[in-house]
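This chain uses plain numbering: 1 for the first residue, then up along the sequence.
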Amino acid sequence: MKIFIEVPVWLGDTIMATPAVKNIISSYPKAKITIFGSFVATEIYKNFPHIEKIVIDESKKKGNRFLNLKKIASSLGSFDIAISFRRSFSSKFLLFFLKSEKKYSYHRLSREKIHLVKRYNDFINKSLHLNNSPMDLELFIPKKSYHGDKKLLGLNAGATYGSAKRWYPNEFASVATILSKDYDIVIFGGKNELDIAYDIEKILNQNGVNNYKNLAGKTSIKELCENISMLDLLVTNDSGPMHIASAYKIKTITIFGPTMELETNGWNNSNEIILRKPMKCAPCMKRECPLGHHECMKSIKASDVLEKV
């Protein structure tokens with residue numbers, strides 16, 4: 001049996017899909033599986049068992065995207081089952097031209113506010129007539145140990161989805177400054193978040209804190225996972241690194257503003273503390289604050305985080 005799986009684009013979403021993917025693998029243990037998706041997303045599945053092929057979606061790079069998707073579909077051959085965890089038109093277009101006996105495109109089965117891990121798993125159960133419960137997040141990247149004299153604190157001030165999800169660099173730096181006596185510090189961030197990480201680094205230097213590393217834009221996905229696995233504590237926005245921490249059961253303080261913690265908090269991570277302030281306008285689920293004040297994040301202060309620590 002051959003199974004095609006298109007995984008979600010975003011790092012956090014694709015990690016939240018891992019329990020559903022694991023259930024597909026366990027239900028079809030002899031199947032040859034092809035994973036298709038963005039570079040970031042497919043990196044998560046490189047170490048998964050039973051994955052025969054990984055194909056990076058490069059349809060946006062040159063020429064007409066839909067013509068490129070049609071060519072990709074033709075080049076992949078035939079499958080017994082084709083599954084997409086995405087709801088976009090481009091994904092439906094790809095599935096239409098893919099040769100497969102059975103095709104399933106993700107859609108919400110309920111308007112109830114439930115975790116995205118469960119949504120993904122319910123979609124797979126219904127599509128494939130299974131009855132599997134969603135287990136823990138899984139990365140298949142071994143946990144590493146930190147050998148410093150102090151504990152290790154991670155700061156993740158970025159969030160790829162948009163500025164509305166981002167707490168402020170000066171607040172992250174204030175937390176790190178106070179905790180630097182007991183913790184060495186690691187600053188995380190993607191290549192598009194270098195300015196945020198630099199703002200934190202600049203304030204730490206001004207405060208005389210030098211026991212830190214700024215890894216923003218310097219790690220592969222595998223290295224990011226390994227570095228997060230070593231942490232004693234992560235302070236983070238609702239983002240991909242938060243879900244990596246959940247996979248390793250890292251102690252985490254997650255700052256929520258415009259998004260719904262019931263749907264995207266750290267799945268099965270009993271070590272996570274969610275920090276948010278009640279707002280009539282939140283959660284708005286917008287990339288940028290539509291009202292311009294961003295109070296859902298501004299109202300949260302470093303002292304609130306330190307109290308949780």
Side-chain angles (χ1 to χ4, degrees), residues 10-13 15-16 113 115-116 137 152-180 183 185-190 192-193 195-197 199-201 203-204 212 215-216 224 228 231-309:
W10 304 106
L11 177 61
D13 287 4
I15 293 172
M16 286 188 281
K113 291 181 180 180
H115 202 284
L116 187 54
L137 306 179
L152 192 60
L153 167 68
L155 305 176
N156 177 57
T160 306
Y161 182 75
S163 62
K165 291 173 69 172
R166 295 175 187 154
W167 199 40
Y168 293 89
N170 61 303
E171 299 292 352
F172 276 100
S174 295
V175 170
T177 298
I178 297 297
L179 296 181
S180 62
Y183 290 84
I185 300 151
V186 182
I187 305 168
F188 298 108
N192 295 325
E193 298 161 348
D195 55 337
I196 302 171
D199 287 343
I200 296 173
E201 182 178 6
I203 297 170
L204 291 179
Y212 71 85
L215 297 182
L224 175 64
I228 290 176
L231 298 177
D232 293 286
L233 174 65
L234 174 66
V235 180
T236 179
N237 300 320
D238 174 18
S239 61
M242 176 197 75
H243 297 292
I244 294 173
S246 293
Y248 293 111
K249 310 295 186 187
I250 301 299
K251 291 180 180 179
T252 304
I253 297 175
T254 307
I255 298 158
F256 273 86
T259 51
M260 290 184 278
E261 72 270 21
L262 290 175
E263 296 191 353
T264 58
N265 66 351
W267 176 256
N268 279 5
N269 185 10
S270 60
N271 291 319
E272 182 189 45
I273 292 174
I274 293 170
L275 184 57
R276 79 174 306 148
K277 294 294 181 72
M279 296 281 160
K280 290 183 179 179
C281 55
C284 68
M285 302 302 293
K286 302 295 184 183
R287 291 175 182 264
E288 298 179 4
C289 177
L291 302 178
H293 55 61
H294 206 209
E295 280 301 315
C296 63
M297 285 301 198
K298 284 184 178 177
S299 63
I300 299 173
K301 302 300 181 183
S303 57
D304 297 313
V305 173
L306 290 167
E307 182 182 342
K308 299 298 182 184
V309 175

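For the pair R166 (side chain) and M297 (backbone), a donor-acceptor distance under 3.5 Å is absent. A donor-acceptor contact shorter than 3.5 Å links the side chain of N271 to the backbone of K249. The backbone N or O of Y168 lies less than 3.5 Å from no partner atom in the side chain of E171, so there is not a single donor-acceptor pair. Of the possible polar contacts, none joining the S303 side chain to the K301 backbone as a donor-acceptor pair under 3.5 Å is found.
One finds the CD atom of E261 at 10.0 Å from the NE2 atom of H115 (value rounded to the nearest 0.5 Å). To the nearest 0.5 angstrom, D304 atom CG is 4.0 Å from K277 atom NZ. Here the straight-line distance linking atom CG of L234 with atom OG of S239 works out to 7.5 Å at 0.5 Å rounding. How far CG of L233 is from CD1 of I185: 11.0 Å, rounded to the nearest 0.5 Å. Summarising the geometry, atom CD1 belonging to I253 is positioned 10.0 Å from atom CD belonging to E272; distances are rounded to the nearest 0.5 Å. In this structure, CD in E193 is found 9.0 Å from CG in N237, a value given to the nearest 0.5 Å.
The side chain to side chain contact (heavy atoms under 4.5 Å, CB included) test with F172 singles out one residue from T177, L155, L204, and that residue is L155. Each of D232, V309, V235 was evaluated against L153; a single residue qualifies, V235, per the side chain to side chain contact (heavy atoms under 4.5 Å, CB included) test.
Inter-residue side-chain proximity for V175 and L306 is flagged as met; some heavy-atom pair is nearer than 4.5 Å. You'll find the side chain of M242 stays beyond 4.5 Å of the side chain of N156, heavy atoms only. Side-chain atoms of L275 and W167, non-hydrogen and from C-beta on, never get closer than 4.5 Å to each other. In this structure, V305 and K308 have side chains that are not in contact, with every pair of non-hydrogen atoms separated by 4.5 Å or more. Contact annotation: the side chain of N170 approaches that of I203 to within less than 4.5 Å [non-hydrogen atoms, C-beta and beyond]. You'll find the side chain of Y212 reaches within 4.5 Å of the side chain of E201, heavy atoms only.
Residue P258 comes nearest to P283 through the heavy atom pair O-CB, 3.2 Å, listed as atom of the first residue, atom of the second, then distance. Smallest separation of non-hydrogen atoms from R276 and A282: NH2-CB, 3.9 Å. Smallest separation of non-hydrogen atoms from I196 and G158: CD1-CA, 4.4 Å. The two residues G154 and F188 come nearest to each other via the heavy atoms CA-CE1, 3.9 Å. Pairing each heavy atom of P169 with each of I200, the nearest pair is O-CG1, 3.7 Å. Summarising the geometry of H293 relative to C281, their closest heavy-atom pair is CE1-SG, 3.9 Å, with the distance given to 0.1 Å.
Annotation: salt bridge (Lys or Arg N to Asp or Glu O under 4.0 Å) contacts involving residues 289-298, sequence neighbours excluded, are absent.
Residues satisfying the side-chain contact (heavy atoms from CB on, under 4.5 Å) test with S246, not counting sequence neighbours, are L137, N269.
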Q. Could you go step by step and tell me if T254 and N265 meet the side chain to side chain contact (heavy atoms under 4.5 Å, CB included) rule?
A. CA-CA 8 Å; T254 307; N265 66 351; over 6 Å; no
Q.
If you apply the rule side chain to side chain contact (heavy atoms under 4.5 Å, CB included), what do you find for T259 with M285, and how did you get there?
A. CA-CA 5 Å; T259 51; M285 302 302 293; 4.2 Å; yes
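At most 12 heavy atoms of other shown residues, nucleotides or ligands fall within 6.0 angstrom of atom NZ in K286. Summarising the local packing, CG of N192 is surrounded by 12 or fewer heavy atoms from other residues, nucleotides or ligands at distances under 6.0 Å.
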